[in-house]
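In what follows, chains carry the letters A, B, and so on, assigned in the order in which the sequence lines appear, proteins first and then strands, with residues in each chain numbered from 1. These numbers come from a predicted model, not from an experiment.
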Protein chains: 2
Amino acid sequence: MSVMKPSEGKETSATHSAYLSLRQMILTGELPPGQKLKIEQLRSTLDTGASPVREALSLLTSDLLVERLDQRGFRAAPASLVNFNEILSLRCVMEDMALRQSIARTTADWEERLVLTHHRMKRAVEEGSIPKFEDAHKSFHMALLDNANSPILLRYCSQLYDLNIRYRYLAAGQTNYRKRDIAAEHEEILDATLRGDADEASATLIRHYRSTGEYLTDPLSKL
Amino acid sequence: MSVMKPSEGKETSATHSAYLSLRQMILTGELPPGQKLKIEQLRSTLDTGASPVREALSLLTSDLLVERLDQRGFRAAPASLVNFNEILSLRCVMEDMALRQSIARTTADWEERLVLTHHRMKRAVEEGSIPKFEDAHKSFHMALLDNANSPILLRYCSQLYDLNIRYRYLAAGQTNYRKRDIAAEHEEILDATLRGDADEASATLIRHYRSTGEYLTDPLSKL
DNA sequence: ATGTCAAATAATATCGATATTTTATGACGC
DNA sequence: GCGTCATAAAATATCGATATTATTTGACAT
């Protein structure tokens with residue numbers, strides 16, 4: 001059974017695609033904070049077996065997006081203002097560190113990657129595709145950090161980035177969609193980085209995060 | 001089946017105990033770095049089913065102790081000198097941060113917890129029980145950090161602590177077991193912390209880690 | 001009415017078996 | 001001999017079913 005057209009030779013393990021789907025549903029708030037995650041229900045929603053769902057949930061536990069309760073199954077991680085503030089603080093410290101290390105190790109190859117990911121992000125804005133922009137945005141920010149050559153640090157930054165994104169979605173309903181000029185901020189970060197000005201690049205990056213944070217604090221306090 | 005004596009009402013999900021066993025085996029090097037982790041083999045070693053083993057391995061993936069390969073199963077995370085150095089660096093930065101935050105929020109209750117965990121650690125040394133000491137040692141170090149009230153940071157520190165312990169075991173075979181006076185170092189850290197001297201406490205803590213690190217670098221370079 | 005306990009219900013955790021994929025084996029042609 | 005391809009063997013990933021454990025329901029006594 002499961003005759004597969006030769007075209008779709010994609011790498012699709014049931015577990016991995018369940019992981020991606022669930023992750024997306026939690027990040028966007030489709031599965032809201034604290035929600036009980038019943039295996040049987042998810043199994044039918046995702047049209048897959050119980051084992052892949054369980055394994056995906058286990059993996060999401062490590063991303064701090066899912067909590068496992070004693071022997072009472074899983075639930076989407078709760079959200080709170082203090083949790084948000086912790087994420088924001090850690091992000092600032094860790095991205096600052098990663099960015100400085102990256103700049104200290106600048107190579108032509110890295111600079112090109114930055115320009116490229118930045119370009120793709122701008123392009124995604126023009127095209128007006130939100131999900132495309134989200135991906136490109138993360139790619140750009142991670143590219144800024146990945147030259148630090150510190151896989152664990154990068155992993156933590158990536159996790160914290162995702163956790164932060166989730167709060168943006170949670171607050172999005174009520175937020176007056178930010179009027180700041182995000183594009184200009186990205187431009188500044190890129191320029192300072194290419195200039196090798198670590199202080200300026202880091203300060204701008206952190207300001208970028210903190211001001212986004214302030215926009216979210218108010219709506220989130222109503223959680 | 002599986003008639004359980006009423007006495008052993010312990011919380012023992014097969015997954016959780018598999019998780020603990022595998023984790024221990026990897027930390028101590030019984031499952032060496034890079035080793036292929038075959039489900040069937042582990043299943044019989046741990047005398048449990050395949051599902052708990054798989055789930056435990058998934059969880060260990062998040063602890064960076066296990067890697068998942070495409071669809072080729074799992075293996076114990078590889079070890080290398082650069083990985084060790086990354087862990088050491090991150091630990092110094094993050095524990096420094098956590099310790100300073102903890103000290104900044106000092107309470108009588110926390111001070112008592114420090115004294116208590118420190119005492120238990122000394123006691124474990126006297127008793128000569130290695131595993132007991134290991135547990136107590138970690139408890140003491142985590143207690144130093146947990147007053148920062150930053151669960152995510154604490155989690156990261158705990159992860160990095162474990163990863164570091166693993167390297168200590170890996171190097172242990174060939175290392176001339178350290179002649180430093182560990183106990184005195186702990187004493188210094190505790191005293192400075194109780195005194196509220198964050199600079200001294202942090203400096204001592206980091207020196208503690210770095211000098212342990214130096215002892216390991218040489219044996220590890222032969223990995 | 002209200003609280004308690006037991007039976008019924010639902011959900012989780014686990015097992016055993018199967019299908020799929022990867023790796024190892026060996027025959028065949030060059 | 002050596003590389004290539006088909007086949008066999010092994011291991012993984014997944015499914016379906018069952019046993020366990022938590023939760024709900026409702027009867028009963030207070």
Side-chain angles (χ1 to χ4, degrees), chain A residues 1-23 25-26 31-32 34-62 65-78, chain B residues 1-23 25-26 31-32 34-62 65-78:
Chain A
M1 186 218 272
S2 103
V3 181
M4 186 176 273
K5 276 158 279 173
S7 64
E8 48 171 331
K10 291 295 297 180
E11 59 110 340
T12 315
S13 80
T15 294
H16 190 242
S17 73
Y19 171 78
L20 292 178
S21 302
L22 288 171
R23 168 203 178 82
M25 289 197 277
I26 292 171
L31 292 173
Q35 171 136 135
K36 186 80 208 305
L37 302 176
K38 301 184 192 173
I39 306 289
E40 180 57 26
Q41 175 193 311
L42 295 175
R43 196 205 60 69
S44 68
T45 300
L46 301 178
D47 190 40
T48 186
S51 312
V53 170
R54 280 191 73 82
E55 229 177 286
L57 289 174
S58 288
L59 292 170
L60 287 164
T61 294
S62 34
L65 289 172
V66 164
E67 279 185 0
R68 141 174 281 165
L69 286 71
D70 199 38
Q71 14 239 90
R72 276 175 271 187
F74 302 86
R75 68 170 178 182
Chain B
M1 171 215 279
S2 96
V3 182
M4 188 174 272
K5 275 159 279 173
S7 65
E8 49 173 329
K10 292 294 296 180
E11 58 109 343
T12 317
S13 79
T15 295
H16 190 243
S17 73
Y19 170 79
L20 292 178
S21 302
L22 288 172
R23 168 204 179 80
M25 288 198 276
I26 293 171
L31 292 174
Q35 171 138 134
K36 186 80 207 302
L37 302 176
K38 300 185 193 175
I39 306 290
E40 180 58 24
Q41 174 194 313
L42 296 175
R43 196 204 61 68
S44 69
T45 300
L46 302 178
D47 190 38
T48 185
S51 312
V53 171
R54 282 191 70 81
E55 228 175 286
L57 290 173
S58 288
L59 291 171
L60 288 165
T61 295
S62 33
L65 289 172
V66 164
E67 279 186 0
R68 142 174 277 159
L69 286 72
D70 200 35
Q71 12 241 90
R72 275 175 273 186
F74 302 86
R75 67 170 180 183

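Residues meeting the side chain to side chain donor-acceptor pair (under 3.5 Å) test with A/E67, sequence neighbours left out: A/R75.
B/L31 CG to B/R23 CZ: the interatomic distance, rounded to the nearest 0.5 Å, is 13.5 Å. A/Y19 OH to A/S13 OG: the interatomic distance, rounded to the nearest 0.5 Å, is 12.0 Å.
Within the 4.5 Å cutoff, the side chain of B/I39 has heavy atoms near those of the B/L57 side chain. The closest side-chain heavy-atom distance from A/T48 to A/T15 is not below 4.5 Å.
For D/dT12, one of the phosphate oxygens OP1 or OP2 lies less than 4.0 angstrom from a side-chain nitrogen or oxygen of B/K36. Side-chain nitrogen and oxygen atoms of B/R72 include at least one within less than 4.0 Å of the OP1 or OP2 phosphate oxygen of C/dT23. Between C/dT12 and B/T15, no contact under 4.0 Å exists linking OP1 or OP2 to a side-chain N or O.
The separation between B/E40 atom CD and D/dA9 atom C1' is 15 Å, rounded to whole Å. Nucleotide D/dT21 holds its P atom 17 Å from the CZ atom of A/F74, rounded to whole Å. The CZ-P distance, from B/R68 to D/dT14, rounds to 8 Å in whole Å. Rounded to whole Å, atom P of D/dA11 lies 12 Å from atom CG of B/L42. Following rounding to the nearest Å, A/D47 (CG) and D/dC15 (P) show an atom-to-atom distance of 9 Å. Distance CZ (B/R75) to P (C/dT23): 12 Å, rounded to an integer number of Å. Atom pair A/R43:CZ and D/dT14:C1' shows a separation of 12 Å (rounding to whole Å applied). Distance CD1 (A/I39) to P (C/dT14): 12 Å, rounded to an integer number of Å.
Candidate nucleotides D/dC15, C/dA13, D/dA13 were compared by shortest atom distance to the side chain of A/Q71, and C/dA13 ranks first. Closest to the B/S13 side chain, of the nucleotides C/dT14, C/dT23, D/dA13, is C/dT14. With C/dT12, C/dT14, D/dT14 as the choices, the nucleotide that has an atom nearest any side-chain atom of A/K38 turns out to be C/dT12.
Interface residues of residues 51-60 of chain B facing DNA chain C, ordered by number: B/S51, B/P52; criterion, heavy-atom separation under 4.0 Å.
A/S44 places no side-chain N or O within 3.5 Å of a backbone atom of A/D47 that could act as its donor or acceptor partner.
The list of salt bridge (charged side-chain N to carboxylate O under 4.0 Å, His left out) pairs with a residue in residues 50-59 of chain B, not counting sequence neighbours, reads A/R54-B/E55, A/E55-B/R54, A/R68-B/E55.
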